Student: 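The following block contains the structure, expressed as structure tokens.
We count residues from 1, following the sequence as given. Note that the structure is predicted; figures quoted are calculated from it, not measured. Indexing begins at 1, ligand by ligand and atom by atom, following the structure's order.
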Amino acid sequence: MENAKYLRRHEWGSLVGFLGVIVLVYFLLTTDYTEKTPLRRVLANVNGQETRELKLDTHDRLQVVVDNGLVQVTLSRPAGDVVGIKYNGVDNLLEARNERDNRGYWDVVWNEPDGHDGLVGRIAGTHFTIIKENKDQIELSFTQTWNLSLRGKQIVPLNVERRYIFQRGISGYYSYAIFERLKGWPEVSFGQIRAVYKLRGDKFRYMALSDDKQRIMPTQEDREKGQALAYPEAVLLTDTSNPELMGEVDDKYQYSSEGKDNKVHGWLSADPPVGFWIITPSNEFRSAGPIKQELTSHVGPTVLSMFMSTHYAGEELNMKFENGEPWKKVFGPIFVYLNSVSTKKDLQKLWADAKDQMLREVQSWPYNFIQSEDFPTASQRGTVVGQLVVRDRYMNERSLQWAESAYVGLAAPGEAGSWQRETKGYQFWTQADKEGRFQIKNVRPGDYNLYAWVPGVVGDYQNNTKITIKPGSEVKLGLIVYRPPRNGPTLWEIGIPDRTAAEFYIPDPKPTLTNRLYNNSEKFRQYGLWDRYGDLYQDQDLIYTINVSDYRKDWFYAQVTRSTNNRAYKGTTWQIKFEIENVNKNGIYTLQLALASANFAELQVRFNDPNAQPAHFSTGLIGRDNAIARHGIHGLYRFYSIKASGNLFQEGNNTIYLTQSRDETVFQGVMYDYLRLEGPPQW
Ligand SMILES: *[C@@H]1O[C@H](CO)[C@@H](O)[C@H](O)[C@H]1NC(C)=O
Ligand SMILES: *[C@@H]1O[C@H](CO)[C@@H](O)[C@H](O)[C@H]1NC(C)=O
Ligand SMILES: *[C@@H]1O[C@H](CO)[C@@H](O)[C@H](O)[C@H]1NC(C)=O
Ligand SMILES: *[C@@H]1O[C@H](CO)[C@@H](O)[C@H](O)[C@H]1NC(C)=O
Ligand SMILES: *[C@@H]1O[C@H](CO)[C@@H](O)[C@H](O)[C@H]1NC(C)=O
């Protein structure tokens, strides 16, 4: 994009031949034809302004300026925040009306054992060093160091080194940070670690998260004039500068994304036509695996890079350290990418170009130009290959079934499913092919367990054999068999085992509370859907009849509380009705029950007696993932195999009662992933 414009700007004339030769020679000398070499990078070096030196200016004690002819970045010194990004004729793409430490920064939420919870601290370096400086690359470092004498002083109890990398001809920069705790440091837990960019509100009005999720956004002022809904993040826009946005709901949680899908997002400015993007080429340093949901971009205009948080999971995902426990982790590098076109009518090309750039970054992962020894290069990493199959004897008596499109990953040693609560280490995930074959590449040295789950199959696979990756390791696992939970033949099932409630009935939002982006897809991201339960089931809770009902229409996506007239809430009891022709009174039946989400909930299960005390089964109080309020269609996955003796059933009609009993607020409840009743084992 960038070079195209420069080319147009230039007088080609007699230069063309000369440049042509240089380009050709350059190609022959430098191109590794096995890689997809970005043409722009090659052109950039032979073309006009871009042949300018990569310049580092450190004269000012309070800031450092790096300029490569395409972009000029100003960092505060010694703090290391990005305070200015000059690009394409705009003096600063960041919101210059904000304080210098409130434009491009990192922050951390932490909790101390003495009850100081939710402390928010900025990362602020006290020491600046130049790690590398030559004509092609500059790498800068800003360090903050902590020690025991700073205890209780509200300074983030971590050593943090933030690094920035600038290259010649590259329209953007790389940024990463090394977080460290030393032996002997006190107990603490971290609830969030992120990088934040606040863009110029008068320029950036259009946000893009994916091909389908792009829109003109309200401004910060629009939000401030709006009406707060059930929680402060959700606002009904009642007075907007752009009349088209009137009456819509804005809520940053509507723009959340699973880690595996969150590789590029950002904003467009129309005048001048410029894009600002955060590209995250790998999910390895994000916590809790590939389907952990995080915020992306939102009104501000704000662009986030979330490294870890408790969002869509709750305090179970706090990163907890015991007294004395050491730790080190590299977050990033992420790439801040800037692009531009010469006319406004080509604005959409900026999104396409940002996606292309994202693919190039993914292909060059792990980067080979990172100076920190804490970031291993490709040759210092390892690979794990294998093939996963499923053995479910009641599905497929004789043969194995390929674990098609299985998610297979390496994470810290633990238990089945523990990866979804794992926050301190690195995780490496891939998706298997049709025949369950997988290759996990670029794994950092360390000890791992292999974990997997298979779309369409219940439960979690884990292999207890510790896998140790050394530089250059290639671990061949061969055929690996997953035996999912299964005790007997299926009598009936509800839903699809895929860890979400997306296949169930998702109501329309109230017409006065919509976000137009989700009119036609991902309806679950609409605001206020929990309230629709009471509208649909006014007199009686949900009753689902096997062989009559259809889960796509008759199973509400969440078992929420019901609001009563006096602004109190009531738990609800859902019923599943089904027939059994011949009951095996001596047999053991199994209800396989998978939950996609839980928030301060308790699910009780009863067979044929709605008043049995105690309930046949109860989950106890579970979950704080808040996925109902935050429009996630899942939070953490929970799986229960509930056994029931045959004498609880009767010939003919039977009913299972599912009671969600906790009812202090509107946001308590569960989302189901899948339910299956199995008869007694037959062999
Ligand atoms: C601890 O940190 C403070 C503040 O940076 C510094 O003044 C002090 O010298 C440090 N103490 C030790 C023992 O390193
Ligand atoms: C675990 O992996 C090893 C190969 O490393 C394999 O031999 C073994 O059968 C696997 N165990 C399970 C429970 O799948
Ligand atoms: C989306 O739905 C709302 C409310 O039903 C409606 O007003 C609006 O026109 C729809 N927008 C689009 C783009 O379909
Ligand atoms: C559902 O219908 C099938 C086919 O008619 C029947 O075999 C089965 O027993 C029914 N199941 C239940 C639980 O009613
Ligand atoms: C079983 O329930 C169905 C409706 O779900 C009803 O039509 C039928 O009469 C019931 N059978 C018995 C024996 O109660």
Student: Under 4.5 Å between any side-chain heavy atoms of Ile576 and Leu677, yes or no?
Tutor: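 They are not in side-chain contact.
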Student: Using every non-hydrogen atom in the two residues, find where Asn323 and Pro186 come nearest and quote the distance to one decimal.
Tutor: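 Where Asn323 meets Pro186 most closely, the heavy atoms are OD1-CA, 3.5 Å.
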Student: Tell me which one of Glu180, Met319, Lys183 satisfies side chain to side chain contact (heavy atoms under 4.5 Å, CB included) with Trp327.
Tutor: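 Of the listed residues Glu180, Met319, Lys183, the side chain to side chain contact (heavy atoms under 4.5 Å, CB included) partner of Trp327 is Met319.
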Student: Are Tyr394 and Asp392 linked by a side-chain donor-acceptor pair shorter than 3.5 Å?
Tutor: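 No.
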Student: Check Phe607, Tyr589, Trp492, Tyr544 against Phe578 for a ring pair (Phe, Tyr, Trp, His ring centres under 6.0 Å) and give me the one that passes.
Tutor: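 Exactly one option meets the ring pair (Phe, Tyr, Trp, His ring centres under 6.0 Å) with Phe578, and it is Trp492.
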Student: Trp453 pairs by ring pair (Phe, Tyr, Trp, His ring centres under 6.0 Å) with which of Tyr461, Phe639, Trp429?
Tutor: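 Among Tyr461, Phe639, Trp429, the one that satisfies the ring pair (Phe, Tyr, Trp, His ring centres under 6.0 Å) with Trp453 is Trp429.
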Student: For ligand 2, list every N/O pair with the protein closer than 3.5 Å, one pair per line with the distance.
Tutor:
residue, atom, partner, partner atom, Å
ligand 2, 2 (O), Asn463, OD1, 3.3
ligand 2, 2 (O), Asn463, ND2, 2.2
ligand 2, 11 (N), Asn463, ND2, 3.0
ligand 2, 14 (O), Tyr461, OH, 2.5

Student: Which atoms from ligand 4 have a heavy atom of Ile546 less than 4.0 Å away?
Tutor: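 Contacts of ligand 4 toward Ile546, numbered from 1: 13 (C).
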Student: Would you say Glu422's side chain and Ala412's backbone share a donor-acceptor pair under 3.5 angstrom?
Tutor: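 Pair absent, no side-chain N/O of Glu422 close to backbone of Ala412.
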Student: Please indicate whether any nitrogen or oxygen in Asn147 is less than 3.5 Å from any nitrogen or oxygen in ligand 1.
Tutor: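 Right, the criterion is met.
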Student: Run the numbers for me: atoms of ligand 1, each under 4.0 Å from some heavy atom of Ser149, listed by number.
Tutor: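 So the answer, numbered in order with elements, is 1 (C).
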